[in-house]
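Right, one structure below, let's go through it.
The model shown is predicted, which means the values in this text are computed figures rather than measured ones. Computed from heavy atoms alone, side chains included, the values below leave out hydrogens, waters and symmetry copies.
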Amino acid sequence: MAASHSARLGSTISTQSWVTKGIPRVTAHTLGPDQQVQLAYIAQRHFVQGRTRIEIAEETGLSRFKVGRLLEEAIEHGIVKFEIASPPGINLALSVELQKHYGLQHSLVVEVATEEPGDIQDRLGQAGARLLEEILTEDDVLGLTSGRTIGALARALQELPHCDVVQLAGVAGAIQETGIEVMRRVSSVARVQPWAVYSPLVVSDAESARAILRQHDTKRTFEQYRRVSVAVVAVGSWKPEDSQMIHNPALTTADRDQLLAAGVRAEIGATLIAADGTIITDLDDRTIAISEPELRRVPTVIALAGGARKTSAIHAVLRSGLVNSLVTDTATAHRLLALPREA
């Protein structure tokens, strides 16, 4: 925000003529230099020096409604200009636009110089860490899935309140990005013992899954899901392939072909999602992870995802309603804004 005249202007303008003559009505076609000075004076008193409309009215002898109209005219004629400055690394305008387009609770669009997956994951992880440090309280229970971007978040965290940390899905992928390693890092920052899941994300059959879920430690962790108030989740893409789950050894080629034919395009944890946001339940009885209904009950679900290969998957996840917050990169944000919110 900037007024077109300096603070010295207030000491050089007499308000006596305003009281006796009033300020001429400004039109789009007539704006003389004296009127510009008068509008600048009122704008400066209000926007720069913090005077209320009532205070300015008492000072000038005008009504507060007249002062309000003059402030509007100062904006209309460019005497006052507003500028919202984005902090380094965050595109505020795109963040707000994305938030409105998809009705998000939290929206962060991060400036990333390239579309290299590693660069995007690091930047989104850093931004996600800062967001958690800002919004988490000691009353919250934090739930996390796994993945490369979530791993970057865990490495970037510097401080967290003393709150419980819960693993939302079983083990998948490289050790650096597994839920167990993420739990270790995040819980050490929060100074708590994590609620972990020492089991694979996907198993070969439903009976094996039921046996794992009966185990004492797994059962206790799953009981915490109803307490989770903030969840941070990764998004996996099935078409194009950019997911640890799709390559899980417990899935056969026939399994993968069947799920792709059923329309799976994305996943969160072990919840499979079609392009239109529909949930595909074909694999539910073989997975060790928070369920779709349990995830929907979490008040704040933040997805960390970006990049060209993930865009269609992120769009599917947003359509599903499973997440209500998103941290992504600028290029992905532009692509998402070009897509409809509803099917």
Side-chain angles (χ1 to χ4, degrees), residues 1-111 127 130-137 139 299-300 302 318 324-330 333-334 336-338 340-342:
M1 174 186 69
S4 65
H5 293 264
S6 70
R8 295 193 303 274
L9 203 59
S11 63
T12 64
I13 296 178
S14 169
T15 61
Q16 185 60 40
S17 64
W18 300 7
V19 178
T20 57
K21 296 188 298 181
I23 298 180
R25 174 65 180 165
V26 177
T27 70
H29 304 291
T30 61
L31 189 61
D34 186 55
Q35 293 169 326
Q36 293 180 44
V37 171
Q38 292 170 340
L39 290 179
Y41 173 78
I42 287 180
Q44 185 183 77
R45 296 292 282 166
H46 180 67
F47 291 113
V48 178
Q49 298 171 354
R51 299 295 189 271
T52 67
R53 297 183 183 193
I54 293 175
E55 289 173 330
I56 297 171
E58 292 174 349
E59 176 186 331
T60 61
L62 302 170
S63 72
R64 61 186 177 91
F65 301 105
K66 179 72 171 180
V67 170
R69 189 164 65 248
L70 292 171
L71 288 170
E72 291 174 359
E73 290 172 357
I75 296 170
E76 177 186 343
H77 289 281
I79 301 297
V80 173
K81 298 179 181 178
F82 296 92
E83 178 181 338
I84 299 176
S86 293
I90 302 294
N91 189 313
L92 291 184
L94 268 181
S95 298
V96 171
E97 194 174 353
L98 197 65
Q99 185 176 35
K100 290 170 61 179
H101 188 72
Y102 287 100
L104 298 172
Q105 184 183 115
H106 300 287
S107 173
L108 281 182
V109 177
V110 181
E111 300 280 1
R130 301 294 83 77
L131 178 61
L132 280 187
E133 291 168 351
E134 178 184 356
I135 68 173
L136 279 181
T137 72
D139 296 327
T300 300
I302 306 166
L318 290 171
N324 55 25
S325 302
L326 177 65
V327 179
T328 193
D329 61 283
T330 50
H334 282 297
L336 290 171
L337 287 169
R341 176 179 177 180
E342 304 295 339

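Here L132 contributes atom CG and H106 contributes atom NE2; the two are 9.5 Å apart, rounded to the nearest 0.5 Å. To the nearest 0.5 Å, atoms NZ (K66) and CD (E73) are separated by 6.5 Å. Distance check, rounded to the nearest 0.5 Å: CG of N324 to OH of Y102 gives 15.0 Å.
Counting heavy atoms from C-beta outward, Y41 and L70 have side chains that stay 4.5 Å or more apart. Side chains of L336 and H101 form no contact here, defined as non-hydrogen atoms less than 4.5 Å apart. In this structure, L326 and I302 have side chains that are not in contact, with every pair of non-hydrogen atoms separated by 4.5 Å or more. Residues Q35 and H77 have side chains not in contact (no heavy-atom distance under 4.5 Å, counting atoms from C-beta outward).
When all heavy atoms of A43 and V80 are compared, the closest pair comes out as CB-CG2, 3.3 Å. When all heavy atoms of L98 and A333 are compared, the closest pair comes out as CD1-O, 4.1 Å. Contact detail for Q99 and Q105: the closest heavy-atom pair is NE2-O, 3.1 Å. Of all heavy-atom pairs spanning S325 and L104, the tightest one is N-CD2, 4.0 Å.
For S107, there are no side chain to side chain donor-acceptor pair (under 3.5 Å) partners two or more places apart in sequence or in a different chain. Applying the side-chain contact (heavy atoms from CB on, under 4.5 Å) test to H46 and every residue at least two apart in sequence or in another chain returns R53, I56, L71. By the side-chain contact (heavy atoms from CB on, under 4.5 Å) test, T330 is found to be paired with N91, L94, V109, E111, residues two or more places apart in sequence or in another chain being considered. Partners of E72 by side-chain contact (heavy atoms from CB on, under 4.5 Å), not counting sequence neighbours: none found. Residues meeting the salt bridge (Lys or Arg N to Asp or Glu O under 4.0 Å) test with R130, sequence neighbours left out: E133.
The pair R51-E59 fails the salt-bridge criterion, with no side-chain N (NZ, NE, NH1 or NH2) lying under 4.0 Å from an Asp/Glu carboxylate O.
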